[in-house]
Chemist: 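Starting off with a structure, shown below.
Here is how names work: the chains are called A, B, and so on, in the same order as the sequence lines, proteins then strands, and each is numbered from 1. All heavy atoms count here, side chains included; hydrogens, waters and symmetry mates do not.
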Amino acid sequence: MDEDEYRLEYFEENGFVRKECPECGRYFWTRDASKETCGEPPCDEYTFIGNPPFDDEFTLEEMREEFLSFFESHDHTRIDPYPVDASRWRDDVLLTQASIYDFQPLVTSGKTPPPANPLTISQPCIRMQDIDNVGRTGRHTLAFEMMAHHAFNSRAEGGAYEGEVYWKEETVAYCDEFLESLGAPLDEVTYVESPWVGGGNAGPAFEVILRGAELATLVFMDLELDEDGEYEMKDGNTYSKMDNYIVDTGYGLERFTWLSQGTPTVYEAVYPDMVDRICEDAGVERPEDEILADVARLAGMMDIDDVDDMRGVRRTVADDVGLTLADFNDLVTPIENAYAVADHTRVLAYMLGDGIVPSNVGTGYLARLVLRRTVRLADEIGLETPLEDLVDGQAKRLGYRNRPVIRDVVREEVEKYDETLERGKRLVRRTAEEYADQGSIPVEELVELYDSHGIQPDMVAEIAEEEGVSVDVPDDFYALVADRHEERESDEEHEEETVDAELPETGLLYYDDAERTEFEAVVLNTYERDDGYEIVLDQTRFYPEGGGQPADTGVLENGEVARVEDVQIRDGVVFHRTDKPLSKGDVVRGQVDADRRRALMQNHTATHIVIDAARRVLGDHVRQAGAQKGVESSRIDFTHHKRLTKEEVREIERVANRTVRKNVRVKDSWLDRHDAEEEYGFDLYQGGIPAGEEIRIIQVDDDVQACGGTHVSRTGEVGFVKIRNTERIQDGVERIVFSAGESAVNATQTIETALEETAETFGVPRDDVPETARRFFEEWKERGKEIEELRAELADLRTDTAEEEEIDGVPFVAQRMDADIDELRTAANSVVDEGKVAVFAGKNGSAGVVVGVPKDIDLNAGEVAGKLASLLGGDGGGSPEFGQGGGPNIDRIDEALERSKEIIEEEL
RNA sequence: GGGCUCGUAGAUCAGGGGUAGAUCGCUUCCUUCGCAAGGAAGAGGCCGCGGGUUCAAAUCCCGCCGAGUCCA
């Protein structure tokens, strides 16, 4: 990175000098000319523990307020944090890991204006990759708040923002000023040059270091990935300047709070009350501060990448205080676990507070992971306080309103985990018994137990030991698990036909009046494709597929009639896929299939009505997780932590139809996105975030959503909503399948017809069908048993008449019996019970033969049956005691019976 | 979004092409003043659903439904 990028006037004016750190080789800026090293570990160590650099101690809340109000008083607008569940607005990541995530990709790319410019925010973030270090290093937390100020600048004209708000000089000046306002000794502060790369962007950056701690990162994002770019960055890729250049800062709220208190660990500073409560409830004794501080200081010197690093830290500190490693571990592990529990409960509060439902996919899975880990840690230190109480405490502190649901979710999830553990224990016990003779459980079984059943190897070891079976967990265990998942990849990417850059955005007439289906337009171009044509018009009433609503169909005509089979929108241009080409420049008349459009409109409005009904019945945590509208039926998926009961489904249906009958107007309006967000909140974006300054808002009764679909004008036009089915898509996501309008009536009639026909078959009134069906089923089972008994009796009777013979002293009965194989079997069994060999054959459709041999006679029944069956033109077999077979040759049954005697003689 | 595992008696689970089983629980009887325990007998199964292969499917194959779990 070019040195000039970092040579700021601010540094010159304030007496900074640029130095090269002899340890790490990086350049840094400092006011203290005598300073040799950059200040950041491992070049320097933590010196703030017991020696806080600020004038006052701050709590987390106080520090957050201090920061935000500082920037507010410097002309920044304070905005509310986004959810920690970043998957709600982008599909490339799961969790929010930095404040800039809030503005990617729409704002950073210049498609959408920022909510304010410049702005300040304190954004909760979660970094799962640190999970193993939480509690142990003294500094890692799973969740943290990234306090930030951002300025969005652009050289380009006509984007969502233009011109420069401020850039590097002001950013560094703000940082200095903020630190000074806290009373930080400015000559101890260093600004380390440290180019930043991430997510396809890059730029110069400073790390701000004070007393060994990295407090903030000031990123000047002005590069984008470009094969031919002139800047090569540390990731090995080349980048070039972009039109937008963005100030992206990150001030660690937890770090600032920690430094202000100078406690041995960050955990004591950030959640003192929670740590106290956990230690007290679990009876955890705290080691001396000095020991904890040593661990933090030493761990602070290194990037902790794996468990070995932490082991090294502990060994060193243990040596210093004169303890064996084992004793030292016994001393610090409980408090470390207590710290981790305190931390994890806050993460859970963030996650569940933002409406994440534990699940087996996506962010829900991460929530489950954290929750289960928390339960294990709490168990290890004997913490008996219900987890829901701890999470609720954190949620209360963070000001979440959905606390009852959070409690509910935590309780259910802990119960589920208990069940999984129970199930796991039984499975491990069985597996251990299976390998009891070998003395140990093989590694592939361990992998299987973990991967398919979620049982940690240490738990396997514990239980297997009780059974006297040993377990060797290889060091690369989790790598072995990963191997199982790495076998195949190859997602075929379908290429999209690129949009002609010359084409203007198509006029979307369906927004003016969704009721109208005819229009005139000019053909701008026709493209020939593999399976038809794509026509672009200057304007259209055809709705292109989007937002879960399928495309309209219809015709375009000017003498020629072109059938429109599909409609897609790409970069604002609508493509009509047709079976015929139309000439460029022609004026055409368009006609959308009106009935289909009508049905789709009803279904779309009904979708809003149903999700709103679900929210009213189940609670505010219900959030759309996907939807597909159709002509015959539609479906809506939404988050909910329990299976829907029949009664809840009925109630949702009742509430939905009440909204229909209310016949309220469906309001559609274009609002400034920031006004809309302010008024309706982030939950506006149930189906993803649209681009642009203005967004379309659809209001159906109490339900308000950003939505680009076509709707009926009053709820009454939906006519009738019928819920047809519910499914569980994943843990935590329920699906409701429903029909609206005419197809809802059809759906009801279909069900009615089924019931009618059933009633007719039974010959009872419809109301009696359930009771009658139950009775019939019971009686059917009774009769099955009766038949079995009668068959046995019949078999006895028939075999009584059978002639007994002897072959080499073995009693033997061969008899023809035309009955199904079950009966032959029953008959053979009763003969075998008398100590005789039995051969029964007969026809029942095809020919069948059964051979039974008492245990004490040395004759293989299966073999005999096989030979007899081959006479019948088929095949057969069985066990030594019992054989059966059959074939198509019914006219050779008697012959087979006759020959059974000689076959048995051979086999004996 | 992808992978893996599992659906058999009220519960927990065996079996894995050839007669559906075990343990606990349940019912009745015996022993007992009574209970626990013990003994004896018994009831209880659309082997998740639907197709296919086969002389024969709980078992093999395909699809669906349901449950669990790991990963991105």
Chemist: Would you mind reading off the distance between A/Leu369 atom CG and B/rC70 atom P, rounded to a whole angstrom?
Modeler: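 The distance from CG of A/Leu369 to P of B/rC70 comes to 7 Å, rounded to the nearest Å.
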Chemist: What do you reckon, is CD of A/Glu834 surrounded by more than 12 foreign heavy atoms closer than 6.0 Å?
Modeler: yes
Chemist: Under 3.5 Å, is there a donor on one side chain and an acceptor on the other for A/Gln104 and A/Arg90?
Modeler: yes
Chemist: Please classify the nucleic acid contact of A/Val361 as base, sugar-phosphate, or nothing, using heavy-atom distances under 4.0 Å.
Modeler: base
Chemist: Using the P atoms only, state how far B/rA11 lies from B/rG17, rounded to an integer number of Å.
Modeler: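 That atom pair is separated by 26 Å.
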Chemist: Could you run down the sub-3.5 Å N/O contacts of the protein with nucleotides 42-50 of chain B?
Modeler:
residue	atom	partner	partner atom	Å
B/rG44	OP1	A/Lys785	NZ	2.6

Chemist: Whole angstrom is fine here: how far is it from NZ in A/Lys843 over to C1' in B/rC55?
Modeler: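 Roughly 17 Å, once rounded to whole Å.
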Chemist: Mind checking the P distance from B/rU23 to B/rA57? Whole angstroms is fine.
Modeler: 29 Å
Chemist: Spell out, as yes or no, whether a donor-acceptor pair under 3.5 Å connects the side chain of A/Ser743 to the backbone of A/Asn746.
Modeler: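 Side chain of A/Ser743 to backbone of A/Asn746: no pair is present.
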Chemist: Quick check on A/Asp472: does its CG atom have over 12 non-hydrogen neighbours (other residues, nucleotides or ligands) under 6.0 Å away?
Modeler: no
Chemist: Which whole-number value in Å describes the distance from A/Gln730 CD to B/rG1 P?
Modeler: 7 Å
Chemist: Between B/rA37 and B/rU32, how far is it from one C1' atom to the other, in whole Å?
Modeler: 11 Å
Chemist: Atom CG of A/Asn360 to atom P of B/rC6: distance rounded to whole Å?
Modeler: 18 Å
Chemist: Just checking A/Thr420: base, sugar-phosphate only, or nothing, at a heavy-atom cut-off of under 4.0 Å?
Modeler: sugar-phosphate
Chemist: Taking the inter-plane angle between the rings of A/Trp780 and A/Phe777 on a 0 to 90° scale, is it parallel (under 30°), tilted (30 to 60°) or perpendicular (over 60°)?
Modeler: parallel
Chemist: With ring centroids as reference points, do A/Tyr101 and A/Trp89 lie under 6.0 angstrom apart?
Modeler: no
Chemist: Which whole-number value in Å describes the distance from A/Asp822 CG to B/rA57 C1'?
Modeler: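 Distance, rounded to whole Å: 13 Å.
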Chemist: Under 4.0 Å, heavy atoms only, any strand: does A/Arg429 hit a base, just the sugar-phosphate, or nothing?
Modeler: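 Answer is nothing: A/Arg429 stays at 4.0 Å or more from every strand.
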Chemist: Using a distance-only test with no angle check, is there a side-chain donor-acceptor pair under 3.5 angstrom linking A/Tyr435 and A/Glu445?
Modeler: yes
Chemist: Could you tell me how far apart A/Lys867 (NZ) and B/rC55 (C1') are, to the nearest whole angstrom?
Modeler: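 Whole-Å distance recorded here is 18 Å.
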Chemist: With rounding to whole Å, what would you report as the distance between B/rG34 and B/rU28 at their P atoms?
Modeler: 16 Å
Chemist: Counting heavy atoms from C-beta on, name the nucleotide in B/rU5, B/rU69, B/rA67 closest to the side chain of A/Arg728.
Modeler: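 From the listed options, B/rA67 comes nearest.
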Chemist: What dot-bracket string describes RNA chain B from 5' to 3', counting Watson-Crick and G-U wobble pairs whose defining distances are under 3.5 Å, with [ ] for crossing pairs and | for pairs to another strand?
Modeler: (((((((..((((....[..)))).(((((.......))))).....(((((..]....)))))))))))).
Chemist: Does A/Glu788 form a salt bridge (Lys or Arg N to Asp or Glu O under 4.0 Å) with A/Lys785? I'd like the steps, not just the answer.
Modeler: CA-CA 5 Å; A/Glu788 222 169 279; A/Lys785 278 175 232 162; over 6 Å; no
Chemist: Using whole Å, report how far CG of A/Asn844 lies from P of B/rC55.
Modeler: 16 Å
Chemist: Write down the distance separating the P atoms in B/rA67 and B/rA22, rounded off to the nearest Å.
Modeler: 31 Å
Chemist: I'd like a list of close polar pairs between nucleotides 9-20 of chain B and the protein, N/O only, cut-off under 3.5 Å.
Modeler:
residue	atom	partner	partner atom	Å
B/rU12	O3'	A/Arg426	NE	2.7
B/rC13	OP1	A/Arg426	NE	3.0
B/rC13	OP1	A/Arg430	NH2	2.8
B/rC13	O3'	A/Arg430	NH1	3.1
B/rA14	OP1	A/Arg430	NH1	2.8
B/rG18	N7	A/Gly878	N	3.3
B/rG18	O6	A/Gly877	N	3.2
B/rG18	N1	A/Gly877	N	3.4
B/rG18	N2	A/Gln884	O	3.3
B/rU19	O2	A/Asn829	OD1	3.4
B/rU19	O2	A/Asn829	ND2	2.5
B/rU19	N3	A/Asn829	OD1	3.2

Chemist: Could you check which of B/rC70, B/rC4, B/rG1 has an atom nearest any side-chain atom of A/Glu448?
Modeler: B/rC4
Chemist: So which of A/Leu868, A/Val831, A/Val813, A/Val853 actually passes side-chain contact (heavy atoms from CB on, under 4.5 Å) with A/Val839?
Modeler: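 One option only clears the test, and that one is A/Leu868.
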Chemist: In whole Å, what separates the C1' atom of B/rG51 from that of B/rC70?
Modeler: 31 Å
Chemist: Mark yes or no for whether A/Asp637, through its side chain, and A/Arg735, through its backbone, hold a donor-acceptor pair below 3.5 Å.
Modeler: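 No, A/Asp637 side chain to A/Arg735 backbone: no donor-acceptor pair under 3.5 Å.
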Chemist: Could you walk me through whether A/Asp130 and A/Arg127 satisfy the salt bridge (Lys or Arg N to Asp or Glu O under 4.0 Å) test, starting with their C-alpha distance in whole Å, then the side-chain angles of each, then the deciding distance to 0.1 Å, before giving a yes or no?
Modeler: CA-CA 6 Å; A/Asp130 291 334; A/Arg127 288 197 182 163; 5.8 Å; no
Chemist: From the options B/rC4, B/rG66, B/rU69, select the nucleotide whose nearest atom is closest to the side chain of A/Arg643.
Modeler: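 Minimum distance to the A/Arg643 side chain belongs to B/rG66.
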Chemist: Taking it one step at a time, do A/Glu779 and A/Arg775 satisfy salt bridge (Lys or Arg N to Asp or Glu O under 4.0 Å)?
Modeler: CA-CA 6 Å; A/Glu779 282 176 13; A/Arg775 211 186 68 229; 3.5 Å; yes
Chemist: Work out how far the P atom of B/rG18 is from that of B/rU12, and round it to whole angstrom.
Modeler: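 Comparing P positions in B/rG18 and B/rU12 gives a spacing of 26 Å.
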Chemist: I need the CD-C1' distance between A/Glu433 and B/rA22, as an integer number of Å.
Modeler: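 Rounded to the whole Å, the gap is 13 Å.
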Chemist: Taking everything shown except A/Asp891 itself, do over 12 heavy atoms lie less than 6.0 Å from its CG?
Modeler: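 Atom CG in A/Asp891 is packed in, count exceeds 12.
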Chemist: Ignoring backbone atoms, test whether A/Arg372 places a side-chain nitrogen or oxygen under 4.0 Å from the OP1 or OP2 oxygen of B/rU69.
Modeler: yes
Chemist: Reading RNA chain B from 5' onward, which residue's closest nucleotide shows up sooner: A/Ser846 or A/Thr363?
Modeler: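 Nearest-nucleotide comparison on RNA chain B picks A/Ser846.
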Chemist: How is A/Gly362 classified with respect to the nucleic acid when contacts are heavy atoms under 4.0 Å: base, sugar-phosphate, or nothing?
Modeler: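 Touches a base.
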Chemist: Counting distance alone, no hydrogens or angles: does the base of B/rU69 have a donor or acceptor under 3.5 Å from a partner atom on the side chain of A/Asp451?
Modeler: no
Chemist: Using the P atom in both, what is the distance from B/rU19 to B/rU59, to the nearest Å?
Modeler: 14 Å
Chemist: Drop me the distance from A/Ser846's OG to A/Ile821's CD1, to the nearest 0.5 angstrom.
Modeler: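 Spacing of OG (A/Ser846) from CD1 (A/Ile821) equals 8.0 Å.
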